[in-house]
Amino acid sequence: MSSAHIETGSARVKRGLADMLRGGVIMDVVNPEQAKIAEDAGAVAVMALERVPSDIRRDGGVSRMSDPKMIKEIQATVTIPVMAKARIGHFAEAQILQALDVDYIDESEVLTPADEVNHIDKWAFTVPFVCGATNLGEALRRIGEGACMIRSKGEAGTGNIVEAVRHLRTINMEIRRLQTADASELFSLAKDLQAPLPLVQEVAERGELPVPLFCAGGISTPADASLVLQLGAQAVFVGSGIFKSDDPIRMANAIVQAATHFRDAAKVAEVSTGLGAAMKGWETSSLEQRLAERGW
Amino acid sequence: MRVGVLALQGDVREHRASLERAGAEVVDVRTPRELDLVDGLILPGGESTAIAKLLDTSGLRLALASRLASGMAAFGTCAGLIALSSHIEDGRADQWSFAALDVTVKRNGYGRQIASFETPIDVRDVGHMVGVFIRAPRIIAAGPEVRILATINRDGSDDPVVVRQGNVVGCCFHPELTSDIQLHQYFLQIAAAAAQ
């Protein structure tokens, strides 16, 4: 056996890690103690960041990539994949995160965008990227730039599921519309979606995105996780919803159980019982800043 | 004959698709009752710590240990191999496994995601295929009862990457992420013989 034919960074190994996270819960953590709680509860990955979205929303100011020290401490604490966020278009932050050997980069609207026109050229990296989307065109533009996983954006840090539901339903409805179009209509639909034609044709044929579709932004109870998984999300990101709740350990465990048994209402009822208060949350109309509007 | 895919977390649907293309009747297994319905089980890729936790809370840990002890066919890929192994290095301190394969695995033994790779592999009794290794476990020791069906050479050592012991097969990579169903067909033959 020779060791000559080793290929790293292929689309298959980059998308493959997203496939492995299916049915799981990815939790935002701000320190090694929270990372340990997340892993103990059965999280499939953690997102290492300095402030959860609800605190970013409260504090204001420019929000940037996390301190490498904190990312390294979390990598040293848990055995599950560690993700981290770069600002939209900030390829230097992404280069740093790749140098730190993070497992996935989230080019995220939760941080303050660094480029108002261009997202990162994600094909240039060995590490895979996840990006947010509010509709199908946005999802396909990100995939065209090399994203290996799409998460519906929702509205991060609100504890309100309404935007996540809107975005998931929009993406699914637009996919169904492509499936009912004939081949000659796809050219015009690609123009309307402002998305690459080959990706539009692929989605029309497969009936789903070419990469896994996960859900983020506003999930704060086991019932929320069950809802978005039944709407077609394949895994969930939970940000402020766990560590801003009354009892983070129980909430983390309960959401993990709900993600596995999301179609079993009796099981979701059992894990939802006596959890204490979920995060307080924000009504969407009261928001000063809509994070989902960042990125295009 | 009916086979199952352990559907607690991971790339369940890829395995289901490969099995269906190989002509099997397939069910998802999330509960002990669903396990009773199958003659063989695939343990998919995913996060081994999360799957171990969910095996415990679903009641499947005891039920599956008992089926494995009675000779049910099983096939574990990546995290599934870790669950079937007898010793785990670099796992959580409390991480347990079924010990259905007498191998020691080192979690993420080839490195983190950036080091994930593809490579061609010849599997004895099965055929030639591409191995997709994602944060893959590395088999660092195998007992005398274990048959090594394939190896790869990394860093000067010939590592086993497909192993079999009795009716149990373990694989460090992900055949389910390719269109190649040879290993799934191999597993179905074992399951059919074991169910007789």
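- The greatest number of non-hydrogen atom pairs below 4.5 Å with chain A, out of Gln95(B), His174(B), Arg13(B), is found for Arg13(B).
- With sequence neighbours left out, the salt bridge (Lys or Arg N to Asp or Glu O under 4.0 Å) criterion links Asp121(A) to no other residue.
- In this view, Asp90(B) and Lys106(B) satisfy the salt bridge (Lys or Arg N to Asp or Glu O under 4.0 Å) rule, not counting sequence neighbours.
- Annotation: residues 258-272 of chain A contacts chain B through Thr260(A), His261(A), Lys267(A) [non-hydrogen atoms, separation under 4.5 Å].
- A side-chain contact (heavy atoms from CB on, under 4.5 Å) with Glu33(A) is found for exactly one of Val29(A), Asn31(A), Val30(A), namely Asn31(A).
- Gln113(B) places a side-chain N or O within donor-acceptor distance of the main-chain N or O of Val13(A), the cut-off being under 3.5 Å.
- Taking the six-membered ring where tryptophan is involved, the planes of Phe133(B) and Phe117(B) are essentially parallel, since the angle between them stays under 30° and well short of 60°.
- With a 4.5 Å cut-off on non-hydrogen atoms, Ala52(B) does not touch chain A at all.
- Heavy atoms of Gln234(A) lying under 4.5 Å from chain B belong exclusively to its side chain.
- Of the listed residues Val12(B), Ile114(B), Ile134(B), the one with more heavy-atom pairs under 4.5 angstrom with chain A than any other is Ile114(B).
- Each of Leu81(B), Thr77(B), Val162(B), Ile152(B) was evaluated against Phe173(B); a single residue qualifies, Val162(B), per the side-chain contact (heavy atoms from CB on, under 4.5 Å) test.
- At distances below 3.5 Å, not a single donor-acceptor pair connects side-chain atoms of Lys122(A) with backbone N or O atoms of Arg142(A).
- For the pair Glu93(A) (side chain) and Arg87(A) (backbone), a donor-acceptor distance under 3.5 Å is present.
- In terms of non-hydrogen atom pairs under 4.5 Å with chain B, the most contact-rich of Ala43(A), Ala45(A), Ala41(A) is Ala41(A).
- The part of Thr49(B) that comes within reach of chain A is its side chain, from C-beta onward, which places non-hydrogen atoms under 4.5 angstrom from that chain.
- Of the listed residues Glu14(B), Arg30(B), Arg92(B), Arg107(B), the one with more heavy-atom pairs under 4.5 angstrom with chain A than any other is Arg92(B).
- Both the backbone and the side chain of Thr178(B) come within contact range of chain A, each with at least one heavy atom under 4.5 Å from a heavy atom of that chain.
- Proximity to chain B involves both the backbone and the side chain of Val82(A), based on heavy atoms less than 4.5 angstrom apart.
- Side chain of Ser116(B) to backbone of Arg135(B): a donor-acceptor contact under 3.5 angstrom is found.
- Chain B forms more heavy-atom pairs under 4.5 Å with one residue of Thr8(A), Asp101(A), Thr126(A) than with any other, namely Asp101(A).
- When the salt bridge (Lys or Arg N to Asp or Glu O under 4.0 Å) test is applied to Arg138(B), the partners found at least two apart in sequence or on another chain are Asp155(B), Asp159(B).
- Ring-plane geometry between Phe75(B) and His184(B) is classed as perpendicular, the angle between the planes exceeding 60 degrees on a 0 to 90 degree scale with a lower cut at 30.
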